[in-house]
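Contents: one structure, followed by commentary.
FYI, side chains are in, hydrogens and waters are out, and symmetry mates aren't considered; it's all heavy atoms of this structure.
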Amino acid sequence: MAQRTVLLTVFDGVQSLDVTGPMEVFAGAELHTPGSYRIRTASVDGGPVRTSSGLTLVPDGSLARAGDPHTLLVPGGQGTRDPDPRLVEWLRAHGPRAPRLVSVCTGAVPLARAGLLDGRRVTTHWAYCEKLARDHPAVRVDPDPIFVRDGHVATSAGVTAGIDLTLALVEEDLGREAALTVARHLVVFLRRPGSQAQFSAQLAAQTARREPLRDVQQWITEHPDGDLGVEALAARAALSPRHFARAFQAETGMTPGRYVDRVRLEHARRLLEDTTDGVEQVARASGYGTPEAMRRAFLRTLGTAPAEYRRRFRPAPVS
C-alpha cells in the first residue's frame, strides 16, 4: 500500500478544530494501518501561526518546501475572510497537481480564489454559502449537506463536518473497518453521510414572530404523524389557508409544506439512528404513511434509502 502524504495549510486566524479534527482522524488511521499516511502542516513562510482562538501552532515547515501532497487540505477560520495572496498563489500553482483537494468550512474560499473550484459542486459553512456563491459564480454552492464530493474535490461545512469528511476519506482509502475504528476511538460513533443537512428543521427556519404561528411550528415538531396539511394548520392558527401560507413563509423563510417535510425527515432520521423500530413503524410515526413514501423522501433529500441510512449512521451496539 502506497503511503499518502496529507498536507494541511495553516495561517493566522485559522480555526484550530478545522486543523486538529482532520489531523486526529488521519493520525488514528495511521495507528490502525501503519504506513498509510504521512501528515504534515505548513504555513506560507514556515513560521508559527495564531489560531482564531489564540492558540499558537508551529507547522512542520513552509509551503515552498512542502512538495506536492496526495491530499491537500485547507482549513477555515477568520483568516480565510481575506486570505493571504501568497497562500492563494501557492494553491493556484500546486492545487492542480494534488490527487485530492479538501476544504473544511471556509477553507473553500482560498480554493475558490485560486480557481480550483470552478465548475465544481461544493459546500461550506451555511453562514458563508451565499457570499461564496456571489463572489464566485463559476462555483456551484450547495448550502445543505455537511460535505460534498465532486470528483477529486471534497468540501465540508463547519468544524465537526470536517471530521465526518475525513472519516469518509479514510473509509475510501483503507476500508470501513478502519474508519469505524477511528470513529469509535474519537467517540464519533459512526460517520454521518455527507448528504445529511447542516442543521435541523427548527434551525433552518426562522422562528415566527406571531405566537399563533410559533405554536403551529411547535405543533408540527411534536406531531409529525398528525394532519399537517395547510388547511389543518391554518385552522390551528385561526387563519384562512391562503393567509396562513403567506404569513408562515414570510415569517419563517419557508413554505409550510417544506417545513413539514424537513420535520418529518428529521424525525425519521432520529428514529432510525436511536431505535430498533422497523422501517414501517418509523414511516407511520414520522407521518409518511408507507415505507415507500419515506423511501422516496430519503432518496430525494439524502440520496440514500432508510435502511442504508440506518446501517451507516446508527451507532454499533456495545459488546
Side-chain angles (χ1 to χ4, degrees), residues 1-10 14-42 51 53 55 57 59-60 69-77 98-105 107-108 123-125 145-150 152-198 269-270 272-274 302-304 308-319:
M1 180 186 63
Q3 186 180 61
R4 296 172 174 85
T5 300
V6 178
L7 177 66
L8 296 94
T9 64
V10 294
V14 71
Q15 161 64 256
S16 57
L17 285 175
D18 287 1
V19 178
T20 58
M23 284 188 73
E24 290 292 345
V25 173
F26 283 125
E30 168 64 21
L31 286 173
H32 179 274
T33 310
S36 53
Y37 295 108
R38 178 174 179 263
I39 308 158
R40 308 287 291 171
T41 56
T51 71
S53 60
L55 181 69
L57 300 179
D60 294 306
H70 172 273
T71 299
L72 174 57
L73 190 151
V74 184
R100 192 158 62 192
L101 278 176
V102 181
S103 70
V104 179
C105 195
T123 195
T124 185
H125 190 287
I146 60 172
F147 65 82
V148 169
R149 304 289 304 277
D150 188 339
H152 75 293
V153 176
T155 54
S156 64
V159 188
T160 57
I163 294 175
D164 294 300
L165 172 55
T166 312
L167 285 168
L169 299 179
V170 168
E171 182 176 346
E172 177 183 289
D173 295 341
L174 305 179
R176 180 174 174 80
E177 184 56 37
L180 288 179
T181 299
V182 176
R184 292 189 187 107
H185 179 72
L186 296 176
V187 201
V188 182
F189 291 106
L190 257 182
R191 173 174 61 83
R192 291 182 291 174
S195 52
Q196 185 164 327
Q198 289 196 32
R269 286 195 351 244
R270 284 201 301 269
L272 290 170
E273 294 165 16
D274 300 337
L302 301 178
T304 187
E308 173 64 12
Y309 181 91
R310 168 172 273 171
R311 186 186 73 81
R312 294 172 65 187
F313 190 50
R314 186 166 185 265
V318 179
S319 58

Exercise. Given side chain to side chain contact (heavy atoms under 4.5 Å, CB included), test L167 with V182 step by step and report yes or no.
Key: CA-CA 8 Å; L167 285 168; V182 176; 4.0 Å; yes
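- G21 approaches I163 most closely through the heavy-atom pair CA-CG1, 3.9 Å.
- Annotation for G77 and D18: closest pair N-OD2, 4.2 Å, computed over non-hydrogen atoms.
- Using a distance-only test at 3.5 Å, with no hydrogens or angles considered, a donor-acceptor pair links the side chain of D60 to the main chain of T41.
- Judged by distance alone, the side chain of T51 and the main-chain N or O of Q15 form no donor-acceptor pair under 3.5 Å.
- A search for salt bridge (Lys or Arg N to Asp or Glu O under 4.0 Å) contacts involving R100 returns E172, D173, not counting sequence neighbours.
- A distance-only check finds no donor-acceptor pair linking the side chain of E171 to the backbone of R176 [under 3.5 Å].
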Exercise. Using the side chain to side chain contact (heavy atoms under 4.5 Å, CB included) rule, take R269 and L302 through it: C-alpha gap first, then chi angles, then the decisive distance, then the call.
Key: CA-CA 10 Å; R269 286 195 351 244; L302 301 178; 3.7 Å; yes
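- At least one side-chain heavy atom of L174 sits less than 4.5 Å from a side-chain heavy atom of Y37.
- The two atoms that bring A168 and F147 nearest to each other are CB-CZ, 3.8 Å, heavy atoms only.
- Put simply, CD1 on I39 and CG on L7 are 11.5 Å apart, with the number rounded to the nearest 0.5 Å.
- If you take CZ on R38 and OG1 on T5, they are separated by 5.5 Å, rounding to the nearest 0.5 Å.
- How far OG1 of T71 is from NE2 of H152: 10.5 Å, rounded to the nearest 0.5 Å.
- Nearest heavy-atom pair across G162 and V104 is CA-CG1, 3.9 Å.
- Annotation: side chain of P69 is not in contact with side chain of V6 (no heavy-atom distance under 4.5 Å).
- The two atoms that bring P145 and A157 nearest to each other are O-CB, 4.3 Å, heavy atoms only.
- Taking CG of L55 as the start and OG1 of T20 as the end, the distance is 8.5 Å to the nearest 0.5 Å.
- In this structure, the side chain of S36 does not engage the main chain of Q3 through any donor-acceptor pair within 3.5 Å.
- Among all heavy-atom pairs drawn from V19 and P75, the shortest one is CG2-CG, 3.8 Å.
- In this structure, S156 OG and L73 CG are separated by 7.5 Å, a value rounded to the nearest 0.5 Å.
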Quiz prompt | side chain to side chain contact (heavy atoms under 4.5 Å, CB included) between L169 and R149, worked out | solution = CA-CA 10 Å; L169 299 179; R149 304 289 304 277; 3.7 Å; yes
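- The backbone N or O of T123 lies less than 3.5 Å from a partner atom in the side chain of T155, making a donor-acceptor pair.
- Rounded to the nearest 0.5 Å, atoms CD (E24) and CG (L17) are 10.5 Å apart.
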